[in-house]
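Read the structure below first, then the notes.
Every heavy atom of this structure was used, including side-chain atoms; hydrogens, water molecules and symmetry mates were not. Predicted, not measured: the structure shown is a model, and the values here were computed from it. Each residue takes its place number in the sequence, starting with 1.
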Amino acid sequence: MKRLIEGFDHFRRNVFPSQRELYKKLASGQSPSTMFITCADSRVMPELMFNSQPGELFVYRNIGNIVPPYAQHVSGVVAAIEYAVKVLKVRHIVICGHSDCGAMKALQKPELVKDMPSVAAWMKHADVARYVVEQNSHSLSQDEALACLTRENVVGQLEHLRTLPTVAAAMARGDLSIHGWVYDIAHAELDAFDAQQGRFVKLDLNAAELPEATPHLRFAASAA
Ligand code: ZN
């Protein structure tokens with residue numbers, strides 16, 4: 001805990017003074033352009049990875065970067081998404097998985113979470129990925145299966161995301177795009193799901209077009 005308090009002291013004395021104006025502006029409101037949903041894993045640090053400033057990213061983290069589908073039972077992540085879309089009016093939602101994910105390993109070996117009933121119940125929301133991989137990918141090594149599961153979990157959670165009415169409505173009129181990424185911790189690389197190609201591709205800053213996980217909009221603002 002002392003390490004945290006020392007860290008805050010460092011921030012107050014060495015970081016805050018040079019950004020005083022920014023913090024003054026942010027003290028009365030936020031308008032982030034992107035909601036970033038990723039795993040709670042301590043090795044995944046969105047603000048560091050994207051060199052982002054306070055107020056830029058609306059980050060939500062949970063075990064396995066999961067978004068439960070629309071249902072009567074409301075989860076924290078679903079409430080946060082609704083708020084981000086309706087109030088903050090974010091233009092993008094990214095769901096980002098990562099390499100060496102403990103949650104994905106638990107999907108591979110459910111016995112790892114047998115003494116954690118809440119985690120086991122939470123991981124049910126990722127069953128879609130387990131089934132897709134089990135029934136469609138054969139003769140994969142353990143590592144390949146884990147990577148495949150990690151990608152399929154992102155695709156599955158993107159599909160859950162589309163079941164939320166606020167998300168579906170904003171996407172249909174072109175106000176919101178959704179993206180599925182996987183972060184490789186060892187190599188500092190990001191792969192993005194390309195819906196048109198039906199596969200993950202390397203994110204390349206110089207590419208003519210960035211991969212899109214979003215279906216085409218149906219209600220353009222001008223037609224509304
Ligand atoms: Zn993880």
Could you tell me which non-hydrogen atom of [X] sits nearest to which non-hydrogen atom of [Y], and how far apart they are?
X	Y	result
Ala80	Phe58	O-CE2, 3.7 Å
Leu164	Pro68	CD2-O, 4.2 Å
Ala126	Gln157	CA-NE2, 3.9 Å
Pro54	Leu22	CD-CD2, 3.9 Å
Ala84	Met35	CB-SD, 3.7 Å
Pro211	Ala192	CG-CB, 3.8 Å

Counterpart residues, ring pair (Phe, Tyr, Trp, His ring centres under 6.0 Å), relative to [X] (two or more places apart):
X	answer
Tyr23	Phe11, Phe16
Phe200	Phe193
His125	Trp122
Phe36	Phe50

Does the side chain of [X] reach to within under 4.5 Å of the side chain of [Y], using non-hydrogen atoms?
X	Y	answer
Pro32	Leu57	no
Met49	Val44	yes
Val132	Val155	no
Ile66	Val77	no
Lys109	Gln142	yes
Leu176	Thr166	no
Asp175	Arg173	yes

Exercise for the section: For Arg13, check salt bridge (Lys or Arg N to Asp or Glu O under 4.0 Å) against everything at least two apart and list the hits. Expected result: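 Residues passing salt bridge (Lys or Arg N to Asp or Glu O under 4.0 Å) with Arg13: Asp9.
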Exercise for the section: For Glu111, check salt bridge (Lys or Arg N to Asp or Glu O under 4.0 Å) against everything at least two apart and list the hits. Expected result: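 If we apply the salt bridge (Lys or Arg N to Asp or Glu O under 4.0 Å) test to Glu111, skipping adjacent residues, there are no hits.
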Handout entry: Results of side-chain contact (heavy atoms from CB on, under 4.5 Å) for Ser137 - residues two or more places apart only
Key =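 Expected list: Val133, Leu140, Cys148.
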Within the distance-only criterion (no hydrogens, no angle test), does the side chain of [X] pair as donor or acceptor with the backbone N or O of [Y] below 3.5 angstrom?
X	Y	answer
Asn153	Gly64	yes
Ser99	Ile185	yes
Thr38	Cys96	yes
Ser33	Arg91	no

Practice task
Step by step, work out the side chain to side chain contact (heavy atoms under 4.5 Å, CB included) result for Leu203 and Leu210.
Solution key: CA-CA 7 Å; Leu203 261 186; Leu210 290 175; 4.1 Å; yes
Hphob cluster co-occupancy, [X] + [Y], side-chain heavy atoms under 4.5 angstrom:
X	Y	value
Leu158	Trp181	no
Ile63	Val128	no
Val154	Val201	no
Val87	Leu161	yes
Ile178	Val94	no

Output the distance between atom [atom1] ([X]) and atom [atom2] ([Y]), rounded to the nearest 0.5 Å.
X	Y	atom1	atom2	value
Asp184	Thr150	CG	OG1	10.5 Å
Ile93	Met171	CD1	CE	8.5 Å
Ser75	Asn62	OG	CG	8.0 Å

Practice task
Look at atom CE of Met116 and say whether more than 12 heavy atoms of other residues, nucleotides or ligands are closer to it than 6.0 Å.
Solution key: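 Yes.
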Problem - Qualifying residues under side chain to side chain donor-acceptor pair (under 3.5 Å), relative to Lys24, sequence neighbours excluded - result: none
Handout entry: With Arg199 via side chain to side chain donor-acceptor pair (under 3.5 Å) - residues at least two apart
Key = Gln197
Within [range] or reaching into it, pairs that qualify as salt bridge (charged side-chain N to carboxylate O under 4.0 Å, His left out) - sequence neighbours excluded:
range	result
residues 131-159	Arg130-Glu134
residues 42-53	Asp41-Arg43, Arg43-Asp100
residues 53-64	none

